[in-house]
Amino acid sequence: MEIDKKQNLTDSLYDLEFNDFNNKIIQDNKIIFIIDKMYRVRIPTQGEQESIDHKCNLKQLEYSNQEGCISKNQLIKQLKAAGLFDVDIMEEEKEKFLKQLKQYRLLLATKSSDNKIQIDDLKNKINQTENKLKDLSIEMAFHLMPCLQSKLEKFIIEYTTFLVTEKLEGKEWIRVWETEEDFKKADSSLVERASVNVTWLLLNKRG
Amino acid sequence: MDYISQIRCLARSSYWQNIYNAAQEIGSLKLFENKENFSGLQSIFLYWLRVYNLLYSELANQEWKYLSEEVINDDCRCDAFLFWREKQKEHELEQNRQEQKKSQYKFKKPGNVSLFDVDLRGK
């Protein structure tokens, strides 16, 4: 019973947050979210950014010295040679779907608002094509996960999450994890949610 | 969690459009609590704020027959319209380029005075 009440509360808070059209996601450079209690992620300070860059360089050296370290281009060639995954075929598929998307958009743009059936039909087709493009991106990312560049990108997000995630204690925001060890032992749902929000915060900031 | 549709909803709201218009005239008006180190979400928000501002202005001037309030409020239809609009602009630019090329090759009619019409015979 207690667990059900807690789940209901979490679900309700999630719904409120998801359907909340107030300004909080853009009013400053932080994102607040709720998992039982209130957390937030923020943009790293200059000092923290230097620490992230330094750690990233060290990690790159560490990965480079590990057995099985492989660059993105090398991995693409290896996967193609093994017949497991062909990036060129994937790019052709992607071009085909992009062309379809453009055609549907041109058709949709010239439809009058009275034509609800055709508008809904085209919107469905656009949605389906966009989902196919997303699936292709996810498949490509999955196959390229073992490469050095993907591992480094994952590390940067994780380390940034460790540094910038805070929880509200009374009226103060304090870091959730003091050490990297604490972070590695942390609850995965919190880490995942914080990582996703960090990715959104850093969107367009990382070349 | 997809924040983009929330951000677009905020950006096209009359509240934020009024704030944006006022901020262009009053330089000291701040859109955000932070004045530097903007997040990716803030950067996306600024982009859509400008896009919707332009669309509302074009709607008011009745510039495009396919642009309406309903199109602006529907993300999918809005994206379709923006793509179509881009193609239209490219087509117009291309037409202008072709016309300019043609006009460069038009010669003056005979009998027009030019700077180089100098009678050297002296008769």
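Everything numeric here is computed off the predicted structure, so don't read it as measured data. So you know, we letter chains A, B, ... as the sequences are listed, proteins then strands, and number each from 1.
Between A:Lys123 and A:Gln118, the closest side-chain pair of non-hydrogen atoms is not below 4.5 Å.
For a residue to count as touching a neighbouring chain, one of its non-hydrogen atoms must lie under 4.5 Å from one of that chain's; by this rule A:Ile119 touches chain B with the side chain only. Only the backbone of A:Ser112 comes within contact range of chain B, with heavy atoms under 4.5 Å apart. With a 4.5 angstrom heavy-atom cutoff, A:Lys111 touches chain B only via backbone atoms. The part of B:Glu36 that comes within reach of chain A is its backbone (N, CA, C, O), which places non-hydrogen atoms under 4.5 angstrom from that chain.
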Verify side-chain hydrogen bond (donor to acceptor under 3.5 Å, both in side chains) between B:Glu99 and B:Gln95, making sure each step is shown before the conclusion.
-> CA-CA 6 Å; B:Glu99 272 165 29; B:Gln95 271 188 325; 5.7 Å; no
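A cation-pi arrangement is absent between A:Lys167 and A:Tyr39 under the rule of less than 6.0 angstrom and at most 45 degrees off the ring axis. A cation-pi arrangement is not found for B:Arg8 relative to B:Tyr47, the charged atom failing to lie both closer than 6.0 Å to the ring centre and inside a 45° cone about the ring normal.
Contacts between residues 64-81 of chain B and chain A, defined by a heavy-atom separation under 4.5 Å, are made by B:Tyr66, B:Ser68, B:Glu70, B:Asp74, B:Cys76, B:Arg77, B:Asp79, B:Ala80, B:Phe81. Against chain A, the residues from residues 21-33 of chain B that qualify, each with a non-hydrogen atom under 4.5 angstrom away, are B:Phe32, B:Glu33 in number order.
One finds the OH atom of A:Tyr104 at 14.0 Å from the CZ atom of B:Phe83 (value rounded to the nearest 0.5 Å). Once rounded to the nearest 0.5 Å, the distance linking NZ of A:Lys151 with CG of A:Leu148 reads 7.5 Å.
Relative ring orientation between A:Phe155 and A:Tyr159 is described as parallel, the plane-to-plane angle staying below 30° on a 0-90° scale split at 30° and 60°.
If you run side chain to side chain donor-acceptor pair (under 3.5 Å) between A:Lys125 and each of A:Thr129, A:Asn127, A:Asp121, only A:Asp121 comes through.
No hydrogens or angles considered: a donor-acceptor pair under 3.5 Å links the side chains of B:Gln17 and B:Asn53. For the residue pair A:Asp187 / A:Ser189, a side-chain donor-acceptor distance below 3.5 Å is found, with atom types taken as modelled.
When ring centroids are compared, B:Phe45 and B:Trp16 come within the 6.0 Å threshold.
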